[in-house]
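Worksheet: the structure to be examined is printed underneath.
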Amino acid sequence: MCRIAGMVHAKLPVNAIQGIVHQMCDLQQHGGPDDEGLYTSEKDNLVLGNRRLALIDLSPEGHMPMSYRDRYHITYNGELYNFLTLKEELVNLGHQFSNHTDTEVILACFAQWNIQGFAKLKGMFAFALWDNLEKNLYLVRDAAGIKPLYYASSTGQLVFASEVRAFKPVDSLQEANENWPVYLMAYGHVPEPVSTLANVKPLHKGCFLKYELKNDSCSIGSYSHYSYSHQVTDAGNAQEQIKEALEQSVRSHLLADAPLGVFLSGGLDSGIIASLSAKYKKSALNTLSIYFEDPAFSEKKYQDILQERLQCDHHQYLLTEKEFHDSFPSILQSMDMPSCDGINTWFISKYAASQGLKAVLSGVGGDELFGGYPSFRRITAARAIQQMPKILMQAGKRSQSKRLNRMAYLQMDGIKGIYLFLRGHFSPFDIARHLGAYEKDIWTILNAQPILNDISHIDDKNQASWMEFNLYMQNQLLRDSDVMSMIHGVEIRVPFLYEDVIRLAFKIDPAVKYEGPLSKQVLINCFQDILPSEIWNRPKMGFSFPFAKWLASSDYVKELMQTSSEKTQKSYKKFLAGNLHWSHLMSLIILKNRKQ
């Protein structure tokens, strides 16, 4: 796991490019504290940079950028979980290896199969690979979009990095995207392909960008994607396959030469991952949990039940209000792209680093794949309302009711309108009032991006799954997990998002996958033999904090709000009165904090 950056620039001297890429890497040092390196092709005006977080082959042999056969060169961020199987196949095809890393396997894979090799990679990754003979540079991102990769291209220039903040040394790319506050207030995050910089955007998941130096051309191709089907229709067969796929995924995610652990929230998904990890990990399993003094938020009871069952090396941390207040400005500073969440991950990753852990397994993905959110119950009604006359949806835009207020979003066709109705923060009417803009301009901006697939042909609950998987998880959970963990030099691994698990979940018939009286009943049926009943037969709490109380008492937030616009101050008072959700206030805090 690392942070990467690089540049090709036809008009800059190579020493200037080296200086820029070095600065880009320095801005990402937190995500790669163990080593740094540059590869330079002087005659091509190309520089690749890397900051390394060493997890596999901790020796100097794992240094990056890495070369293979003096032709292929790579800077790589990620983990390849099937690299030992691929390595054996490549050895049988005549390839030789000089180290024990997964990085060299990617290079050999490309040498053997070219771009067809990308589809063979199972893991989370973002990398840049330079073919020095053909003079082609490839940017590649994993199929689930777990690892970030941003780029900017123009005539004679291609720049890339793991984080948007890393583009700061590139003077020509400092133009801000003036519309990002609109997206933040609508979504609670900035959805792909939007970023805070006008000319910087993320590479789409499951895609590769090919830059041909010889003719200065960029093209983007897809090497992998997921689609829904009804292939698995037998419940018993589905359960057998889920168990096998998740067990294999967890086994592969435990592969590391550095210390790793598991986040243990006390919920079903983390309980499954922890239980399987304890089963397959050869040494004692490290688990980490956060708990609170307020029993309304604390999940310590359930964490203790799992700890007693697993007999693991468990580290519990009491997060106090004082620590939250002391850390809050640093948390805001840690954000790369704006997001109303991720604070929980910041704290648990801090604690993981204090225990000397380099990687931690998380349960992200279980809710999206197997129906863990309220949206799976609400989407059918939302789709029905969306078919009503649009004038009715505007009627509640001035309402104090959040649900009536957000009904305006159902004027937007397709899954975007449904998502913003179910998960959106401020309505276009309120966004316009906060930003001093015209409401029609807010609608224009939100209609422009993101451009989403037409999924009206698939089952309602699979539509909810697609929506949560491609919007909420992609743009908020995964991005927050990556940034807030890597700021502490910790890697988060997500076994539910292993390729085989995703493909299986997508082909299980909805009547089987979502059937049952409890949320994620199919997962409960699979693993109730290894999980205490108190874990799966309990109310869902989510991974949250007593945020409303803590933000209400924050002097830092109070000072920000005192110098904010009149409309923002009114929203703050609304929050203090209990009429505005803390996550909505977070959007206003971020907007104000970034202006200072």
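Values in this document were obtained by computation on a predicted structure and should not be read as measured data. Positions are given from 1 along the sequence.
Note on Asp34 versus Lys358: salt bridge recorded, some NZ/NE/NH1/NH2 to OD/OE distance being below 4.0 Å. Ion pairing of Glu515 with Lys520 is absent here, as no side-chain N (NZ or NE/NH1/NH2) approaches a carboxylate O to less than 4.0 Å. The residues Glu499 and Arg503 are annotated as salt-bridged, a charged nitrogen and a carboxylate oxygen being separated by less than 4.0 angstrom.
Legend: residues meeting ring-ring contact (aromatic ring centres under 6.0 Å, His included) with Phe83, ordered by chain and number and at least two apart, are absent. Scanning for side-chain contact (heavy atoms from CB on, under 4.5 Å) contacts around Glu89 gives Leu86, Leu93, Trp113, Lys120, with sequence neighbours left out. Residues that satisfy the side-chain contact (heavy atoms from CB on, under 4.5 Å) test with Asp480, not counting sequence neighbours, are Ser339, Asp341, Gln476. For the salt bridge (charged side-chain N to carboxylate O under 4.0 Å, His left out) test, residues two or more places apart in sequence or in another chain that qualify with Glu491 are Arg493. Not a single salt bridge (charged side-chain N to carboxylate O under 4.0 Å, His left out) links Lys507 to another residue, sequence neighbours left out. With sequence neighbours left out, the salt bridge (charged side-chain N to carboxylate O under 4.0 Å, His left out) criterion links Lys350 to Glu323. Partners of Arg3 by side chain to side chain donor-acceptor pair (under 3.5 Å), not counting sequence neighbours, listed by chain and number: Glu163, Asp482. Applying the ring-ring contact (aromatic ring centres under 6.0 Å, His included) test to Tyr291 and every residue at least two apart in sequence or in another chain returns nothing. Residues forming a side chain to side chain donor-acceptor pair (under 3.5 Å) with Tyr514 (at least two apart in sequence, or on another chain): Asn462. For Thr233, the side-chain contact (heavy atoms from CB on, under 4.5 Å) partners are Asp509, not counting sequence neighbours. Applying the salt bridge (charged side-chain N to carboxylate O under 4.0 Å, His left out) criterion to Arg383, with sequence neighbours excluded, gives Asp460.
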Between Leu288 and Ile348, does a side chain to side chain contact (heavy atoms under 4.5 Å, CB included) hold up when you go through it step by step?
-> CA-CA 7 Å; Leu288 300 107; Ile348 197 71; 4.0 Å; yes
Stepwise side chain to side chain contact (heavy atoms under 4.5 Å, CB included) check, Thr75 with Phe160 = CA-CA 11 Å; Thr75 180; Phe160 65 88; 4.1 Å; yes
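A donor-acceptor pair under 3.5 Å is formed between the side chain of Arg141 and the backbone N or O of Lys147.
No hydrogens or angles considered: a donor-acceptor pair under 3.5 Å links the side chains of Ser229 and Gln231.
Side chains of Gln521 and Leu518 form a contact here, defined as non-hydrogen atoms less than 4.5 Å apart.
Each of Phe263, Tyr317, Trp346 was checked for a ring pair (Phe, Tyr, Trp, His ring centres under 6.0 Å) with Tyr351, and the lone residue meeting it is Tyr317.
Listed by first and then second residue, the ring-ring contact (aromatic ring centres under 6.0 Å, His included) pairs that reach into residues 516-538 come to none, sequence neighbours excluded.
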